[in-house]
Asks: 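Shown below is the structure under consideration.
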Amino acid sequence: MPELPEVETTVRGLARYLEGERIARVTLNRADLRRPFPEGLVQSLTGATVTSLGRRAKYGLIHTDREQTMVFHLGMSGRWRIEPETPDKHDHLVLETGSGHMLALNDARRFGSVDMVFTPGLYQWPAFAALGPEPLGEDLTAQHLAAAFKGRAAPVKPLLLDQRIVAGLGNIYVCEALLRAGIRPDKAAGAISRKAIDRLVPEIKAVLSESIEAGGSTIRDYAQPNGELGYFAANWRVYGREAQPCRHCGTPVQRMVQGGRSTFWCAKCQK
DNA sequence: ATAGTCTCCTGCCGGC
DNA sequence: TGCCGGCAGGAGACTA
């Protein structure tokens, strides 16, 4: 499910149930996701009060009053289920708050992760230290991307999925941003003009912002027992639309595989 | 350093 | 109906 907008929407939804709340009970229903749950996770969280929530790239952050932050990643299939009416076999970690809310981290494929990190050193944590700039922040500039692309023979699309270059983009929004900027996904990154990069940066920010806004407007859905939080597929211009007309020019959308992952693009709009 | 491939895991969908 | 292959939002470990 989750790219940056989905994680952001998830965090905002969780905040309504967790911010200022004491965690009364933590239940682990298995020992691991992608990696084992951290040692002492239950003990670290139980009795702690959540001071605030946040997000870095595709990671959600649950800060506690013990200088410990629970860092979660949703992988491919992760989601939080709010007040689930019935347990699900993929509810791997369950939090119960002092005021009786129940929140279940559900992840069928278990590509996600949970870590507890010392809050004051959070951004020196190795996984975070390696991340590139937040795409919605001021650090993602055309200059930054131009420097990252310089001399690179690799196609631009897989490079934009590299979290060291931009932190938070995933397969869907990279496809969408490249379409909007009119850049071929298989163009060598180093061959992309500064002018095209100047178009790309605002389109990255726009597509992410629009998606967060759409998510925010349907945040009510998030609180439903099934915990579904969909992508806003109706707004996609190319992703998942092979052979359907490009929403800009009507030409059938193409699909190709790059690095083992599907890329959707328009041969007419993207040069 | 860079580029490309493979893998983890489960669920779903389409074809036969 | 049931089986099988292919595909899926991510990312890290490999290899050349």
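Excluded from the calculations below are hydrogen atoms, water molecules and symmetry mates; all remaining heavy atoms, backbone and side chain alike, are included. Numbers restart at 1 for each chain; the letters A, B, ... are given by sequence-line order, proteins then strands.
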Asks: The criterion is salt bridge (Lys or Arg N to Asp or Glu O under 4.0 Å); which residues satisfy it with A:Glu19, sequence neighbours excluded?
Replies: none
Asks: How many whole angstroms separate atom CZ of A:Phe111 from atom P of C:dA11?
Replies: 12 Å
Asks: What are the residues of residues 160-171 of chain A, sorted by number, that bring a heavy atom to within less than 4.0 Å of DNA chain C?
Replies: A:Gln163, A:Gly170, A:Asn171
Asks: Indicate every side-chain donor-acceptor pair of residues 115-129 of chain A with a distance under 3.5 Å to a residue at least two apart or in another chain.
Replies:
{"residue": "A:Asp115", "atom": "OD1", "partner": "A:Arg35", "partner atom": "NH2", "Å": "2.9"}
{"residue": "A:Asp115", "atom": "OD2", "partner": "A:Arg35", "partner atom": "NH2", "Å": "2.3"}
{"residue": "A:Thr119", "atom": "OG1", "partner": "A:Glu67", "partner atom": "O", "Å": "3.2"}
{"residue": "A:Thr119", "atom": "OG1", "partner": "A:Gln68", "partner atom": "N", "Å": "3.1"}
{"residue": "A:Thr119", "atom": "OG1", "partner": "A:Thr69", "partner atom": "N", "Å": "3.3"}
{"residue": "A:Thr119", "atom": "OG1", "partner": "A:Thr69", "partner atom": "OG1", "Å": "2.9"}

Asks: Is a side-chain donor or acceptor of A:Ser262 paired with a backbone partner of A:Val257 at a separation under 3.5 angstrom?
Replies: no
Asks: In chain order, what residues pass the salt bridge (Lys or Arg N to Asp or Glu O under 4.0 Å) check against A:Asp139, with sequence neighbours excluded?
Replies: none
Asks: Taking the side chain as everything from C-beta on, heavy atoms only, tell me whether A:Leu74 gets closer than 4.5 Å to A:Leu105.
Replies: yes
Asks: Rounded to the nearest angstrom, tell me the gap between atom CZ in A:Arg255 and atom P in C:dG6.
Replies: 12 Å
Asks: Just jot down the side-chain hydrogen bond (donor to acceptor under 3.5 Å, both in side chains) partners of A:Lys58, sequence neighbours excluded, or say none.
Replies: none
Asks: What is the distance, to the nearest angstrom, from the CD1 atom on A:Ile172 to the P atom on C:dA11?
Replies: 13 Å
Asks: Rounding to the closest angstrom, what is the interatomic distance between C:dC3 and B:dC9 at atom P?
Replies: 23 Å
Asks: May I have the distance from A:Leu131 (atom CG) to C:dA11 (atom C1'), rounded to whole angstrom?
Replies: 11 Å
Asks: Distance from A:Leu33 atom CG to A:His90 atom NE2, nearest 0.5 Å?
Replies: 12.0 Å
Asks: By salt bridge (Lys or Arg N to Asp or Glu O under 4.0 Å), which residues pair with A:Arg22, not counting sequence neighbours?
Replies: none
Asks: Nearest-Å distance, CZ (A:Arg261) to P (C:dA8)?
Replies: 8 Å
Asks: Can you name the atoms? Protein N/O to nucleotides 11-13 of chain B N/O, anything below 3.5 Å, with the distance.
Replies:
{"residue": "B:dG11", "atom": "OP1", "partner": "A:Lys89", "partner atom": "NZ", "Å": "3.2"}
{"residue": "B:dG11", "atom": "OP1", "partner": "A:His90", "partner atom": "NE2", "Å": "2.7"}

Asks: Please enumerate all residues that pass side-chain contact (heavy atoms from CB on, under 4.5 Å) together with A:Ser99, with sequence neighbours excluded.
Replies: A:Glu21, A:Thr97, A:His101
Asks: Given C:dA8, B:dC9, C:dA11, which nucleotide is nearest the side-chain atoms of A:Tyr239?
Replies: C:dA8
Asks: I'd like a table of donor-acceptor pairs (distance under 3.5 Å, sequence neighbours excluded) in which one partner is a side-chain atom from residues 243-251 of chain A, with atom names and distances.
Replies:
{"residue": "A:Arg247", "atom": "NE", "partner": "A:Trp236", "partner atom": "O", "Å": "2.9"}
{"residue": "A:Arg247", "atom": "NH2", "partner": "A:Trp236", "partner atom": "O", "Å": "3.3"}
{"residue": "A:His248", "atom": "NE2", "partner": "A:Arg237", "partner atom": "NH1", "Å": "3.0"}

Asks: Shorter than 3.5 Å, N or O on both sides, protein versus nucleotides 12-16 of chain C: list them out with atom names.
Replies:
none

Asks: If the P atom of B:dA1 is compared with that of C:dA11, how far apart are they to the nearest Å?
Replies: 22 Å
Asks: Let me know the distance between CG of A:Asp107 and P of C:dA11, rounded to the nearest Å.
Replies: 12 Å
Asks: Just N and O in the side chain of A:Ser262: are any of them under 4.0 Å from OP1 or OP2 of C:dA8?
Replies: yes
Asks: Pairing of DNA chain B as dot-bracket, 5' to 3': ( ) intra-strand, [ ] crossing, | other strand, . unpaired, with Watson-Crick or G-U pairs under 3.5 Å?
Replies: .|||||||.|||||||
Asks: Using modelled atom types and a 3.5 Å cut-off, is there a donor and acceptor pairing between side-chain atoms of A:Gln254 and backbone atoms of A:Trp265?
Replies: no
Asks: Is it true that the side chains of A:Asp107 and A:Ser77 contain a donor and an acceptor less than 3.5 Å apart?
Replies: yes
Asks: Regarding A:Lys157 and A:Asn171, do their side chains bring together a donor and an acceptor under 3.5 Å, going by distance alone?
Replies: yes
Asks: Using atom names, set out every protein N or O paired with an N or O of nucleotides 2-4 of chain B below 3.5 Å, distance rounded to 0.1 Å.
Replies:
{"residue": "B:dA3", "atom": "OP1", "partner": "A:Ala153", "partner atom": "N", "Å": "2.8"}
{"residue": "B:dA3", "atom": "OP1", "partner": "A:Ala154", "partner atom": "N", "Å": "2.9"}
{"residue": "B:dA3", "atom": "OP2", "partner": "A:Arg152", "partner atom": "NE", "Å": "2.6"}
{"residue": "B:dA3", "atom": "OP2", "partner": "A:Arg152", "partner atom": "NH2", "Å": "2.6"}

Asks: Charged N to carboxylate O below 4.0 Å: is that the case for A:Glu134 and A:Arg55?
Replies: yes
Asks: Could you tell me whether A:Glu203 and A:Arg199 have a side-chain N and a carboxylate O separated by less than 4.0 Å?
Replies: no
Asks: So which atom in A:Ala142 and which in A:Arg194 form the shortest heavy-atom distance, rounded to 0.1 Å?
Replies: CB-NH2, 3.6 Å
